[in-house]
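For reference, the structure discussed in these notes is given below.
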Amino acid sequence: MRTRPLKVALLGCGVVGSEVARIMTTHSDDLAARIGAPVELAGVAVRRPDKVRAGIDPSLVTTDATALVKRGDIDVVVEVIGGIEPARTLITTAFEHGASVVSANKALLAQDGAALHAVAEENGRDLYYEAAVAGAIPLIRPLRESLAGDKVNRVLGIVNGTTNFILDKMDSTGAGYQEALDEATALGYAEADPTADVEGFDAAAKAAILAGIAFHTRVRLDDVYREGMTEVTAADFASAKEMGCTIKLLAICERAQDGGSVTARVHPAMIPLSHPLASVRGAYNAVFVESDAAGQLMFYGPGAGGSPTASAVLGDLVAVCRNRLNGAIGPGESAYAALPVSPMGDVVTRYHISLDVADKPGVLAQVATVFAEHGVSIDTVRQQGKDGEASLVVVTHRATDAALSGTVEALRKLDTVRGVASIMRVEGE
Ligand SMILES: NC(=O)c1ccc[n+]([C@@H]2O[C@H](COP(=O)([O-])OP(=O)(O)OC[C@H]3O[C@@H](n4cnc5c(N)ncnc54)[C@H](OP(=O)(O)O)[C@@H]3O)[C@@H](O)[C@H]2O)c1
């Protein structure tokens with residue numbers, strides 16, 4: 001084993017960074033044996049230098065992250081600051097000064113992954129980011145390496161623990177959205193400002209990263225259709241139950257049936273209780289991958305938290321250190337397929353539509369005609385009447401999102417339709 005240590009600069013020492021430092025220290029012998037050389041924490045960049053940080057040598061702590069990545073003797077920079085800047089500039093500077101980079105930064109990778117990969121490649125360095133999607137769950141490496149000889153057709157996942165916790169609460173207790181969110185906040189599963197989670201931004205960043213890797217195509221954050229889950233109601237769960245379904249916020253990356261394009265989207269959807277993703281409870285994450293040769297694979301585990309996320313960071317650190325010792329680099333960006341990303345209107349799926357209608361003869365026929373005129377075929381209809389008003393629940397066969405949107409627009413114009421109470425896609429069948 002080489003005795004000269006590989007030097008690691010840690011950028012950020014918060015929830016994830018402090019766990020990375022702890023594991024590096026407590027497992028140092030095992031890490032050295034697995035890598036073939038010791039790894040040494042050479043510096044820790046933070047914002048507040050005076051904060052007490054258990055297990056961290058205060059002499060390593062600095063607020064000058066730029067000087068740390070420019071030192072020239074750093075082998076690997078671990079970026080766990082988060083956000084776009086200064087993380088982007090620090091990572092770029094690290095490559096330019098000879099370091100490889102491990103990051104957990106989904107926002108940055110989804111926005112600027114291609115540019116960062118390009119700088120890594122120009123400098124002959126690694127950029128690894130297993131922790132950026134679904135925390136501890138091995139997903140990037142299986143897609144990038146284990147499935148490199150297969151053809152992935154679909155990635156369907158619960159990639160945000162906060163939203164899964166809220167939806168699971170609503171499902172199991174009948175609670176409304178706000179009540180379930182309040183409980184998630186009280187238990188520390190939701191941030192004081194939960195927008196990034198509940199509006200689907202976090203999941204959309206992960207969908208962009210997963211689609212890019214799965215389909216060997218550049219998928220930008222702007223390419224991902226996004227709908228949050230704040231409008232999901234207890235009534236939607238009741239309807240889902242009647243259909244033998246539950247509701248999850250899903251990230252869905254699909255190759256079109258003709259193979260000529262891809263789509264990526266995030267929205268709440270009904271899935272059958274028989275689907276493996278339906279049984280993912282609490283704040284857990286799971287990703288279901290469908291490929292030509294392997295068939296169906298499911299990856300499941302804790303999608304966040306300091307220690308689980310640090311596990312993924314450490315896995316990358318070991319891989320990158322091994323590459324350094326071998327004078328090699330691992331797989332970089334693979335975007336050779338360059339498939340077009342289709343708009344949401346082209347997505348084909350089933351829909352569950354709940355309408356408030358007048359309870360009088362002929363309404364059902366009127367509604368059915370509108371569906372037929374837009375080429376959306378109805379699978380089932382359920383009607384409940386009360387005091388001259390009725391609710392009509394229509395479940396369709398597969399149709400494009402554009403056809404469904406046209407149908408809903410026309411339904412809203414009918415005098416007998418008082419309102420469209422909810423529209424939910426039905427997935428996983
Ligand atoms: N938390 C999770 O469960 C989780 C899961 C998956 C991925 N991630 C990703 O991991 C990354 C870090 O998340 P986190 O939860 O650990 O965040 P965090 O707890 O807020 O920690 C951020 C760290 O960055 C430091 N920092 C902030 N601005 C800085 C600057 N300009 N220069 C130097 N240091 C700076 C902070 O310093 P101070 O300590 O002085 O404030 C803190 O140590 C993010 O990209 C996040 O998306 C997190």
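This one's a predicted model, so the numbers in the text were calculated from it and none came from an experiment. Whatever order the structure lists ligands and atoms in, that order sets their numbers, starting from 1. By convention here, the first residue in the shown sequence is residue 1.
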Is the His117-Tyr129 ring centre distance short of 6.0 angstrom?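 Yes, close enough.
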For His216 and Tyr336, take the angle between the two ring planes, folded into 0 to 90°, and tell me which bin it lands in: parallel under 30, tilted 30 to 60, perpendicular over 60. tilted
Considering residues, nucleotides and ligands other than Tyr189, do more than 12 of their heavy atoms fall under 6.0 Å from its OH?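 No, OH of Tyr189 has 12 or fewer neighbouring heavy atoms, counting only those of other groups under 6.0 Å.
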Under a 4.0 Å heavy-atom cut-off, which residues neighbour ligand 1?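 If the criterion is a heavy atom under 4.0 Å, then ligand 1 touches Gly12, Cys13, Gly14, Val15, Val16, Ala45, Val46, Arg47, Arg48, Arg53, Val80, Ile81, Gly82, Pro86, Ala104, Asn105, Lys106, Ala131, Ala304, Gly305, Thr309.
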Below 3.5 Å, can you tabulate the donor-acceptor pairs from side chains in residues 264-272 to any protein atom, sequence neighbours excluded?
unit_1: Arg265; atom_1: NH1; unit_2: His267; atom_2: NE2; d: 3.0
unit_1: Arg265; atom_1: NH1; unit_2: Glu427; atom_2: OE2; d: 2.8
unit_1: Arg265; atom_1: NH2; unit_2: Glu254; atom_2: OE1; d: 2.9

Enumerate, atom names and distances included, each donor-acceptor pair closer than 3.5 Å involving a side-chain atom of residues 191-209, sequence neighbours excluded.
unit_1: Asp193; atom_1: OD1; unit_2: Thr195; atom_2: N; d: 3.0
unit_1: Asp193; atom_1: OD1; unit_2: Thr195; atom_2: OG1; d: 2.4
unit_1: Asp197; atom_1: OD1; unit_2: Asn160; atom_2: ND2; d: 2.7
unit_1: Asp197; atom_1: OD2; unit_2: Thr162; atom_2: OG1; d: 3.4
unit_1: Asp202; atom_1: OD1; unit_2: Lys106; atom_2: NZ; d: 3.3
unit_1: Asp202; atom_1: OD2; unit_2: Asn160; atom_2: ND2; d: 2.9
unit_1: Asp202; atom_1: OD2; unit_2: Lys206; atom_2: NZ; d: 2.7
unit_1: Lys206; atom_1: NZ; unit_2: Val159; atom_2: O; d: 2.7

Sequence neighbours left out, what passes side chain to side chain donor-acceptor pair (under 3.5 Å) with Thr3? Give chain and number order.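 For Thr3 there are no side chain to side chain donor-acceptor pair (under 3.5 Å) partners, ignoring immediate neighbours.
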